[in-house]
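Beneath this line is the structure, given in structure tokens, with notes to follow.
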Protein chains: 2
Amino acid sequence: MSVDEVAPHRRGRPPTLKDVASMAGVSIATASKALNNRQHVGAATRQRVQSAADALNFSPNALAQGMVAQRSGTVGLLTSDLVGRFSMPVLRGAEDAFGSEKMSVLLADARDDHIRQQHHLRALLSRRVDGLIVVGAQPDPRPSLGQDLGVPVVYAYAPSDDPQDMSVVADDVAGGRLAVDHLIRCGRRTIAHVTGDPTYGASHDRARGAVERLAEEGLTLAGGEVMYDSWSEAWGRGATRLLLDREPALDAVFAGSDQIARGVLDALLEAGKRVPEEVAVIGFDNWEVLATGSRPPLTTIDPALENLGRVAALRLASAIEGRAGHGVESYPCRLVTRSSTAPLH
Amino acid sequence: MSVDEVAPHRRGRPPTLKDVASMAGVSIATASKALNNRQHVGAATRQRVQSAADALNFSPNALAQGMVAQRSGTVGLLTSDLVGRFSMPVLRGAEDAFGSEKMSVLLADARDDHIRQQHHLRALLSRRVDGLIVVGAQPDPRPSLGQDLGVPVVYAYAPSDDPQDMSVVADDVAGGRLAVDHLIRCGRRTIAHVTGDPTYGASHDRARGAVERLAEEGLTLAGGEVMYDSWSEAWGRGATRLLLDREPALDAVFAGSDQIARGVLDALLEAGKRVPEEVAVIGFDNWEVLATGSRPPLTTIDPALENLGRVAALRLASAIEGRAGHGVESYPCRLVTRSSTAPLH
DNA sequence: TTGTATGCGTTATCAT
DNA sequence: ATGATAACGCATACAA
């Protein structure tokens, strides 16, 4: 091997371990050991290799590493709705939990289209992801991807309909309970619940938690029943007008979403009711732009979605290590106090 | 667990081309050609291989393919703020444009932290992404990643400060112009502009477009000047109160964001002004939850962010094919008409 | 301590 | 038309 054989790496292509090795004057095996802090490498040699790597700005080819390790070091994030507001924090939590380690995240947006989902699933599997997180668009159960994918899967936000799978979701029942609990602690007794689409399981869960907590105080819902309709400001306004007719003594409203809460707030203001002095209002979601812009700023229940994503990532990491889990795990919501609720003194 | 002597592939691991080949009774070379629709393969053989692949649910290892092709078939999506609302549609547009082809997207959220950004950049480069899309959190120029990354980069939403780089952004000047143009077409003459944080370049760009269009009609801004402050509903309300004092003849407001527009709307309503009969209001962003929930629903300028992401993906694809570009490309905004504006008859 | 050789799964180049 | 074989870049068991 002649001396001027030390060809600088092929034009354009990133330097390889071979380039580093030849620059340091060692074999690729030694170079590999040196860079990976394996033993059986002389201190001086290690130093030489390290310098060569730095000089070449060497970065190991993760694809090649993945081939030998039989692990790609990637996870797939399969979402059904990237445009929606709710999948986002989950996604961020997951990305955060993984990105800080040495896992990378492959993103795929299925857009709630079954064909696209299958397409993306094949693509992710073909890339040999070590695991999969599936984030739904709605909190309702969704069809399982199946058990024979060859990699562990964790469902986040929207649980799988197969109890064999592992899912992490927000505890809507506890959330509803928490909301009413807060209102009760504020001394309210005539509490109504205005919520959204009755086809959402979450609507009923939140309502159930609310009614349960009410019952513990010997109370029932003001207005006589849960008011379902749509997740909109318009419905919040409409429902409130109805409510003020039926229940003149109304002193609190639990809204099933922050959008609805905004409508409630506006209608209350328009009717000359002071918030929170006369009527307290609490929302659900902690959708910042809505909750902080309102008059007054909105007290609300935060479903802690980012945490959900983080937990999903943790569970998936465990499953990848071989410690798989199953069933649906519910995680608590958080009360965020702003100015639309206050003690009745 | 019974020992199956004919076990085609190692337990747990996905089937390989070798498994398919041996099942079809051919060499891996032939199997490869058959599955990739190469010529020099007998029709019958091709069929046998295909059946074997289907039976084994074979999916080629993209990592291995990447090794030989010297292309990973992935692009990196480096965002500085996954929580923000504006990077999201860009991201979705990009994912969409790529996902429909055979490119996969590696997501990395730097959280506006330089250290994290470097970390993620190294990780993406290590995964041998074929290209990079950098999505900023704010529309202002950001530091370039540099020219020596070895892969093409396209900056979206927030342009790079190096003109050598390629950036795609929304045309804020044209957006401002479009807003005022619409108001003028509605017959308005006394038009004010309430906008947000003056440290954002976008504020000034939108204002400039507005003033230019006004000047073409021989008009100037009602209130005498652009009203800068913050991107909040509260500022929208406050500014409107000031405005109603100063300009009793006010017949239109161009708000620099939908949040501000919401505040404007509320203050107008409170002052007894009818919208759009007496005063027309137009926003900016087309932030659905804000624009559709207001009273009345908000006419607004849509910066077409999803399109921006799509274009960025297209440009990156071109660059990967060798046709690189440079400079900042601006893309038009779109007028979305709802009920807060209408002709003055 | 260092180097040689093998394999990871696939594609492409050559023989046959 | 089909098959053996050499890459691709890296890690490791084994030999020196």
Side-chain angles (χ1 to χ4, degrees), chain A residues 1 7 9-10 12-49 52-53 56-73 102 125-130 150, chain B residues 8-10 12-50 52-53 56-73 102 125-130 150:
Chain A
M1 220 178 271
H9 62 272
R10 295 66 39 106
R13 294 217 209 141
T16 74
L17 194 54
K18 187 151 93 178
D19 299 322
V20 174
S22 85
M23 173 176 254
V26 299
S27 72
I28 57 174
T30 304
S32 175
K33 290 175 207 159
L35 293 179
N36 293 313
N37 292 319
R38 273 32 219 139
Q39 45 187 343
H40 306 305
V41 177
T45 313
R46 184 172 310 240
Q47 184 52 47
R48 274 213 323 290
V49 173
L56 291 173
N57 195 12
F58 170 77
S59 133
N61 184 326
L63 277 63
Q65 289 181 316
M67 294 241 40
V68 11
Q70 292 293 316
R71 272 182 165 230
S72 67
K102 50 183 209 155
L125 257 21
S126 177
R127 294 227 130 74
R128 295 300 184 264
V129 291
D130 298 328
Chain B
H9 60 269
R10 295 65 42 101
R13 292 215 210 145
T16 74
L17 196 53
K18 187 151 95 180
D19 299 321
V20 175
S22 84
M23 173 176 253
V26 300
S27 71
I28 56 174
T30 304
S32 175
K33 290 175 207 157
L35 294 179
N36 293 311
N37 292 321
R38 268 42 214 135
Q39 46 187 345
H40 304 307
V41 177
T45 313
R46 180 165 313 214
Q47 184 52 47
R48 275 213 323 288
V49 173
Q50 192 55 258
L56 292 172
N57 195 12
F58 169 77
S59 132
N61 185 325
L63 277 63
Q65 289 181 315
M67 294 241 38
V68 14
Q70 292 294 315
R71 273 184 164 227
S72 66
K102 50 181 209 157
L125 257 20
S126 177
R127 294 228 130 72
R128 294 301 185 265
V129 290
D130 298 328

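Throughout, a chain's letter reflects where its sequence line sits, starting with A, and its residues are numbered from 1.
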So, does A/Asn36 use its side chain to make a donor-acceptor pair with the main chain of A/Ser32 at under 3.5 Å? yes
For the pair A/Arg38 (side chain) and A/Thr30 (backbone), establish whether a donor and an acceptor sit closer than 3.5 Å, ignoring hydrogens and angles. no
Under 4.0 Å: is that the gap between some side-chain N or O of [X] and OP1 or OP2 of [N]?
X       : N      : answer
A/Gln65 : D/dA11 : yes
A/Gln70 : C/dG9  : yes
A/Arg38 : D/dT12 : yes

Go through residues 25-36 of chain B and report each residue with a non-hydrogen atom lying under 4.0 Å from DNA chain D, sorted by number. B/Val26, B/Ser27, B/Ala29, B/Thr30, B/Lys33
Tell me the closest heavy-atom pair linking [X] and [Y], and the distance in Å.
X        : Y        : value
B/Ser126 : A/Pro60  : OG-O, 2.9 Å
A/Ile28  : A/Lys18  : CG2-CA, 3.6 Å
A/Ala31  : A/Leu17  : CB-CD1, 3.9 Å
A/Ser72  : A/Arg127 : CB-O, 3.8 Å

Can you list the steps and then say if B/Met23 with B/Val49 is a side-chain contact (heavy atoms from CB on, under 4.5 Å)? CA-CA 8 Å; B/Met23 173 176 253; B/Val49 173; over 6 Å; no
Starting at atom [atom1] of [X], determine the distance to atom [atom2] of [N], rounded to an integer number of angstrom.
X       : N      : atom1 : atom2 : answer
B/Arg71 : C/dT10 : CZ    : C1'   : 17 Å
B/Lys18 : D/dA4  : NZ    : C1'   : 14 Å
B/Asn61 : C/dC8  : CG    : P     : 12 Å
B/Gln39 : D/dT2  : CD    : C1'   : 14 Å
B/Gln47 : D/dA1  : CD    : C1'   : 17 Å
A/His40 : D/dT12 : NE2   : C1'   : 11 Å

Touch check for A/Val68, heavy atoms < 4.0 angstrom, all strands: base, sugar-phosphate only, or nothing? base
Salt bridge (charged side-chain N to carboxylate O under 4.0 Å, His left out) involving B/Arg71 - partner list, sequence neighbours excluded: B/Glu321
Residue pair A/Thr16, A/Asn61: steps toward the side-chain contact (heavy atoms from CB on, under 4.5 Å) verdict: CA-CA 8 Å; A/Thr16 74; A/Asn61 184 326; over 6 Å; no
Of the candidates C/dG9, D/dT2, D/dC8, the side chain of A/Arg13 sits closest to D/dC8
Relative to the 5' end of DNA chain C, which residue comes earlier, A/Ala64 or B/Ala69, by the nucleotide with the nearest heavy atom? A/Ala64
Bend angle of the helix from C/dT1-D/dA16 to C/dT16-D/dA1, from helix axes over five pairs at each end, nearest 10°: 50°
Heavy-atom nearest nucleotide on DNA chain D taken for A/Phe58 and for B/Thr45; more 5' hit belongs to B/Thr45
Hey, which of these two, A/Met67 or B/Arg46, hits DNA chain D nearer its 5' end, going by closest nucleotide? B/Arg46
